[in-house]
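Shown next, in structure tokens, is the structure this report addresses.
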Amino acid sequence: MVFITLTLVLLGAGPEGVFEEGHIFPASPMKCHSSSVVETPDGDLLACWYYGVGERKDDTLIIRGARKRKGQTVWDTPFLMADSQDLPDCNPMMFIDPANKLWLFWVAVQDNEWGAALLKYRTSTDYSGPGAPRWDWQEVAHCRPRNFEEQWFAFADAHKQEMDYYEETAAPARTKLARRLGWMTRAQPIMLSEKRMLVGLYSDVFHCSLAMATEDSGTTWQFSDPILGIGCIQPAFALKKNGDVVAYMRDYSPAHRIQTAVSKDGGVTWSEATLMDIPNPGSSVECITLANGNWLLVCNDPESGKERNQLTVYLSDDEGATWKWRRSLETDAMQASYPSVIQAKDGTMYCTYTYYLGRNAEGRKMRTIKWVRFDEAWVKAGAGK
């Protein structure tokens, strides 16, 4: 495949709505993955991702970030956001809460295996200047899943034939330390009230998800019962008008469909996960509630259910009961995956995701983080595309 450099393409507003796209930094053979994006109170965009030679086996991995100033069309030079010295730093996620505090969550992988990932977070109230935020506080989130062993084994005993990972997972499920390590972030949190923040977690050991919540800005955390299904991970939460919380999750099972579960008590207990009609190739999804109450879902949805080359936006006007509109962001990329999406103050959406452009002359994959900006009119105008 021929490698082509694309620095920026601006299509702007038109009869089909708003659409812009570009790259945060020039493509390189380095690993860059699992981005997250926020809009600051000043109207800037901040994005972060993990960066290095490889993935969890690479002790050089760091969390990098970049800023796009309001009104600018290009991003500033990337900068360091976090580095646990000589440990792989992965899966960063950012969020700005109602008090305008910036949160950065990520994991430091202690022994190069996901099961030993240690969940960390830092906060900032000074992040409007150039370069990296000035961090006020850093801490480890010590995870204590609620009723985990009892509920995991009850589910596993009922579905053992479907769980090809049962034997390798049963032993750590009986071990207190193993149950408390390996929980990772992916999608952005939601606010259930002015103070209560709900953060989605998942485990690649137990192939299930979890919610953690705080009402005191991270001084203390509460953890939910597990969200159980046949491999339901990387939850993205959406809050219904009646108070129910819906989780949309990547599918680790052979079904290759997005999985979903519901909590009727603020994310403490959960229904068993069920399969949606939307395909999923074992890749991250993101769902947000828009200012007008519509829900927006971004995911890989190839009909084969096995590749990450197609990335699509879905739009619902009935809180996820149906998804009436869909339009593809990518249809035949080498890879376009792990979307992070927000709605900006001007009503448009910004989405960042991992993007492979092709291969260089040495045959190495060329990677970057791509960003796109679009609005609801663009999605509806291309419904079905």
inquiry  = Please determine whether residues Tyr314 and Leu296 belong to a single hydrophobic cluster, defined as Ile, Leu, Val, Met, Phe, Trp and Tyr linked transitively by side-chain heavy-atom distances below 4.5 Å.
reply    =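 The answer is no; the residues belong to distinct hydrophobic clusters.
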request  = Indicate the atoms forming the closest heavy-atom contact of Tyr338 with Arg250, along with that distance.
outcome  =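 Where Tyr338 meets Arg250 most closely, the heavy atoms are OH-NH1, 2.7 Å.
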request  = Can you see which heavy atom on Val107 is nearest to which on Ala117, and at what distance?
outcome  =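 Heavy atoms only, the tightest pair is CB-CB, 3.9 Å.
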Beyond-backbone contact of [X] with [Y], side-chain heavy atoms, under 4.5 angstrom:
X      : Y      : value
Pro145 : Trp152 : no
Ser328 : Arg326 : yes
Cys351 : Pro339 : yes
Arg367 : Leu357 : no

Under 3.5 Å side-chain donor-acceptor pair for [X] and [Y]:
X      : Y      : value
Asn294 : Asp317 : no
Ser124 : Arg134 : no
Thr312 : Asp301 : yes

query = In this structure, are over 12 heavy atoms from other groups packed under 6.0 Å from Asn292 atom CG?
reply =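 Atom CG in Asn292 is packed in, count exceeds 12.
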query = Is Arg179 close enough and on-axis enough to Phe148, meaning under 6.0 Å and within 45°, for cation-pi?
reply =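 Not satisfied by the 6.0 Å and 45° rule.
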task = Indicate the ring-plane relationship of His23 and Tyr355, choosing parallel, tilted or perpendicular according to the 30° and 60° boundaries.
result =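 Tilted.
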Check: Tyr121 ring centroid to Phe105 ring centroid under 6.0 Å =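 Yes; Phe105 has its ring centre under 6.0 Å from that of Tyr121.
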